[in-house]
Amino acid sequence: MDNKMEVKILEIMNTVLDNRTKKKLTVLSPEMHLRNDIGFDSLDLAELTVRIEAEYDIDIFEDGIVNTVSEIFEKLNSK
Amino acid sequence: MNVLITGISKGLGLKTSESLLRNGWTVYGISRSKTEELNELLLQYPDKLKWLQYDLGDAEKIRQIIFKDWIGLDTPIHGLVNNAAMAYDDIVTNLNLDSLEKMYRVNVFTPMMLTKFVIRQMLLHHTKGSIVHISSISVHTGYKGLSMYASTKGALEAFSKNTAREWGEVGVRSNCLVAGFMETEMSSSLSDNQKNRIYQRTSLKKPVDVNSVAETIKFLLSDKANSITGQNIHVDNGTI
Ligand SMILES: NC(=O)c1ccc[n+]([C@@H]2O[C@H](COP(=O)([O-])OP(=O)(O)OC[C@H]3O[C@@H](n4cnc5c(N)ncnc54)[C@H](OP(=O)(O)O)[C@@H]3O)[C@@H](O)[C@H]2O)c1
């Protein structure tokens, strides 16, 4: 996993969590599940998508479901 | 306040833009043609009025052309008015599928896609936004020849109510302005006899004042309406 990207994604996720007054993350690991482990609901995931898209110009949910942190990195690295 | 509004070259869209600009808001307006009146408004508000020539029959390029290249993802959007529409009227037995599809693109699919990207932009900038779709009294009272047109507006009303429910918790509101018959280009093909029959079905017995509709749109966009969402607001001279 690209370290710069990892730091950026962690920062974006914490912005979303903070906006929704949810508990922020200290570390990010690839196997983490976006809903079950991080606690995102569908509206949080919408905000996450938009923020990632603003940074990388890729809509991670455009084709298919993304469930885990590693799947986000796969999407971002595949383009 | 930055407001995106479709169909600003004439009729209700032009009047609404004027009203929003008088309030000091910034208007991002779309239409295919630049009319004399629109040109005057552009000269009057060179900084606050931004105009894009775009055919809303094309729902594919919305994100790139409207949101990325023109408005810019860095600009917060506080309001969306889905006003542009076309009326394909005929009796049902003459229904032409191509005309129906074209009307659905302009009246339903593009407004839905605009709503998608506007909500995304609202999420990005954390703006509590307001969306107003222009619907028609024909959804609620039947008129001969308007089945197909009315069905597009009924779709918008359903879309609006569910959007309101889905996005309310992040502060995004969605309402429909249900307009009665106004004297604009859209209704200009009706004969005086047809118009009079329509006006006789209203309490006030006359055409709906376009300014009254425009002012209500402005109200729904503003913070004064911050407890109103998921509603159909009738401005129809009392069609009961
Ligand atoms: N008039 C009525 O009696 C009445 C009653 C109830 C509801 N409504 C609704 O009120 C709204 C406004 O109608 P109006 O009476 O003001 O109509 P109008 O005078 O015909 O104006 C329609 C506007 O939409 C724009 N437009 C139409 N098709 C477009 C396209 N493919 N791409 C871009 N812009 C497009 C037109 O601009 P260009 O031609 O320059 O593209 C124009 O600015 C509509 O949603 C209508 O359904 C009207």
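Residue numbering restarts at 1 for every chain, and letters A, B, ... go by the order of the sequence lines.
- In this structure a side-chain-to-backbone donor-acceptor pair under 3.5 Å is missing from A:Arg20 to B:Val170.
- Heavy-atom pairs under 4.5 Å with chain A were tallied for B:Glu166, B:Met122, B:Glu169; the largest tally goes to B:Glu169.
- Chain A forms the most heavy-atom pairs under 4.5 Å with one residue out of B:Asp74, B:Ile119, B:Leu124, B:Leu73, and that residue is B:Leu124.
- The distance from atom CG of A:Leu43 to atom CG of B:Leu123, rounded to the nearest 0.5 Å, is 8.0 Å.
- Counting heavy atoms of neighbouring residues, nucleotides and ligands inside a 6.0 Å radius, atom CG of B:Asp223 does not exceed 12 of them.
- No more than 12 heavy atoms of other residues, nucleotides or ligands lie within 6.0 Å of CD in B:Glu60, so this atom counts as exposed by the packing criterion.
- Residue-environment remark: CD1 (A:Ile65) stays at or below the threshold of 12 foreign heavy atoms within 6.0 Å.
- Atom-to-atom distance recorded for B:His126:NE2 and A:Thr15:OG1 is 9.0 Å, nearest 0.5 angstrom.
- B:Lys68 is listed as a side-chain neighbour of A:Asp57, based on a closest heavy-atom distance under 4.5 Å.
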* Steps toward salt bridge (Lys or Arg N to Asp or Glu O under 4.0 Å) verdict (B:Arg120, A:Glu47) -> CA-CA 7 Å; B:Arg120 289 174 79 117; A:Glu47 185 176 333; over 6 Å; no
